[in-house]
Amino acid sequence: MRLYRLLRILFVLTRYRLDAFIPLHLLPWYLRVCLLLAPYRLIPAPRKLSRGARIRLALTDLGPIFIKFGQLLSTRRDLLPPDIADELALLQDKVPPFDSALAIRQIERALGAPIDELFEHFSTEALASASIAQVHAATLHDGSEVVVKLVRPGIERVIHKDIQLLRTFATWFEKYMPDGKRFHAIDVVEDYRHTIEGELNLQSEAANTSQLKRNFQGSDILYVPEVYWDYTRERVMTMERIHGIPIGNIQEMHRKGVNMKVLAERGVEIFFMQVFRDSFFHADMHPGNIFVDATDPENPVYIAIDCGIVGSLEDEDQNYLARNLLAFFNQDYHQVARLHVESGWVNPNTKVNELEAAVRAVCEPIFEKPLHEISFGQLLIRLFATARRFEMEVQPQLVLLQKTLLNIEGLGRQLCPDLDLWKTGKPYMETWMKERYGFKAAIKAIQRQAPAWFEQAPLMPQLIHDTLQETRQLPLHLDAQASKLIQLEKTLASMEARQRHRWAAASALILFLLAFAGPLKPMLDQTAFWVAIALYFFWILKH
């Protein structure tokens, strides 16, 4: 099955001649020779298709995991030529839809009623279509405008094959690459498997949407549409239809007079609020999932949809990440290095001052520069190169966050290239740290724990009495344990002595039989003789 999928991938790459995009000068000579002599080079490249279209169609043919990769790349116009970025942007919501009759049958089967009974109106033409699902506009009988989201039929099988293939590649990578273990490739694939499987369950996505809406209830910077639970199942989800400007439509926002600086700053604020205030963040923030309500151009509001992929952080990771970011903002590289050692992200024998110097060399050139002069993609590459020197391990639990950060940077770069990400993010991080670890945070922690303390208060005298009693009896317990240990040592010594005696007896018997093997030979068959010796030998060892 994996071999068939691999052959299918190779066929698609050959069909669209994507080998033309491989920088041969960066490959070892033997790989260059193999590529230059490969038979598929006799196949001409599709002349009617641009290079961007060839890449987009190849990713579309290969399925959802490859489409997700294309969506991520489409947000990084700083890393791609404009023609390729424009084509990949179509992967955000312009993937070819599946048949509407099949969509209707899927809805009726999931919700257990004919389409006319469920909706006053249902549009058979897909409103948008992406890698895993597509949506149709509809109207409920009470007049509410909604969209109905459906999982693509048979998509689970394709994803399962790709995950198996990725797991194989990850295993090879960890086994044969010099630094393979450090990247935890298998763990990263497993985390991605859980993520993508969660995206296939629309009931789980609906729950994520409700949680995100609750986190930003009453917010004037982010709106999350309402979920209609009566019309939601594992493969069908119905939610409020929103009307806004796609975040990628910069020209329309300029025409409406949207304050782009405020919009970009609010995007950064939303990111930090999700990650640090709520520890629950939208991890698929490509332009196809973000809209803008420009009713008040000076106070634009984000609208977030498609919460199939969300991330969260453990308290410990959240704490280390926050302290790291704040140290970066303050250009305190010693603190950054010390935190990396403390958290176990680098070899514990790493010298803090050496790591500090390496981090400073990477980060210092980017500070106090506007966003259009900074590339986090390039920064991450340089940080990974530095990390290799210090055996820094990839943290699988942070991969989703890094992907989200790249998406945020790509959006910010399009909205307001002059945005100073550091000055925008630093005040929020400082406020969060004070709220998390300051005096008010301690008071809140006491308030949270107070009910449990009051509940346990009547039991405290008895607990103290029992503890004192156990403390008094502790010497007696220690003496008893010591006696047991002495007795155990004697028993083991006795067993060892008996074992030695058995070996001696067995050895003596074997020597005796060997010595008299000649006289006994007429009495016993040779095979029976040695079987008898073996049986007697094991009888002695057993008893």
Can a side-chain donor-acceptor contact be found between Ser129 and Arg152 if the only test is distance below 3.5 angstrom? yes
Checking side-chain contact (heavy atoms from CB on, under 4.5 Å) for the pair Ile303/Val292: CA distance, chi angles, key distance, verdict? CA-CA 6 Å; Ile303 305 172; Val292 176; over 6 Å; no
Side chain to side chain donor-acceptor pair (under 3.5 Å) between Glu269 and Tyr302, worked out: CA-CA 11 Å; Glu269 183 180 355; Tyr302 281 91; over 6 Å; no
Please lay out, stage by stage, how Val301 and Asp220 fare under the test side-chain contact (heavy atoms from CB on, under 4.5 Å). CA-CA 7 Å; Val301 178; Asp220 58 354; 5.6 Å; no
Glu252 and Arg255 ion-paired at < 4.0 Å: yes
Any donor-acceptor pair under 3.5 Å from Asn215 side chain to Phe280 backbone: no
Can you give me the closest heavy-atom contact between Ala110 and Arg233, atom names plus distance? O-CG, 3.5 Å
Residues at least two apart in sequence or cross-chain that pass salt bridge (charged side-chain N to carboxylate O under 4.0 Å, His left out) with Glu156, listed by chain then number, are Arg235
Is it true that the NZ or CZ of Arg266 lies under 6.0 Å from the centre of Phe272's six-membered ring and within 45 degrees of the ring axis? no
Measure from the side-chain N and O atoms of Lys213 to the backbone N and O of Val224, and report whether any donor-acceptor pair falls under 3.5 Å. yes
side-chain contact (heavy atoms from CB on, under 4.5 Å) between Ile305 and Ile242: does it pass, once the steps are laid out? CA-CA 9 Å; Ile305 63 172; Ile242 54 93; 4.3 Å; yes
Spell out, as yes or no, whether a donor-acceptor pair under 3.5 Å connects the side chain of Ser144 to the backbone of Leu140. no
Of all heavy-atom pairs linking Glu108 and Ile115, the shortest is OE2-N, 2.9 Å
Heavy-atom side-chain contact between Gln274 and Phe216 under 4.5 Å: yes
If every non-hydrogen atom of Trp229 is compared with every non-hydrogen atom of Ala207, which pair is closest and at what distance? CH2-N, 3.5 Å
Taking every non-hydrogen atom, the tightest pair across Val151 and Gln106: O-NE2, 3.0 Å
From Ser50 OG over to Ile84 CD1, what is the distance, rounded to the nearest 0.5 angstrom? 8.5 Å
Closer than 3.5 angstrom, by distance alone: can the side chain of His282 be matched with the main-chain N or O of Asp306 as a donor-acceptor pair? yes
Derivation and outcome, side chain to side chain donor-acceptor pair (under 3.5 Å), residues Arg214 and Gln217: CA-CA 5 Å; Arg214 191 158 50 247; Gln217 193 71 43; over 6 Å; no
Gln134 side-chain N/O to Ser100 backbone N/O, donor-acceptor pair under 3.5 Å: no
Got a sec: does the CZ of Arg157 have more than 12 other heavy atoms crowding it under 6.0 Å? no
Is there a donor-acceptor contact under 3.5 Å from the side chain of Asn208 to the main chain of Cys307? yes
Salt-bridged, Arg54 to Glu87, with N to O below 4.0 Å? no
With a 4.5 Å limit on heavy-atom distance, are the side chains of Met260 and Met253 in contact? yes
Report the C-alpha separation of Leu200 and Ile159 in whole Å, then their side-chain angles, then the decisive distance to 0.1 Å, and conclude whether the side-chain contact (heavy atoms from CB on, under 4.5 Å) test is met. CA-CA 10 Å; Leu200 293 173; Ile159 289 177; 3.8 Å; yes
Side chains of Leu212 and Val310: closer than 4.5 Å at any heavy-atom pair? no
Quick one, Asn201 with Glu205, criterion side chain to side chain donor-acceptor pair (under 3.5 Å). Give me CA distance, side-chain angles, the key distance, then yes/no. CA-CA 7 Å; Asn201 186 340; Glu205 178 181 334; over 6 Å; no
In this structure, is the centre-to-centre distance between the rings of Phe122 and His136 below 6.0 Å? yes
Just how far is it from atom CG of Leu49 to atom CD1 of Ile55, taken to the nearest 0.5 Å? 11.5 Å
Given 3.5 Å as the limit, does a donor-acceptor pair link the side chain of Thr238 with the main chain of Thr232, or not? no
What are the two closest non-hydrogen atoms of Ala304 and Pro225, and how far apart are they? O-CD, 3.2 Å
Where is the tightest heavy-atom contact between Lys149 and Ala133, given as atom of each residue plus distance? CE-CB, 3.6 Å
Quick one: are His141 and Phe119 in side-chain contact, heavy atoms under 4.5 Å? no
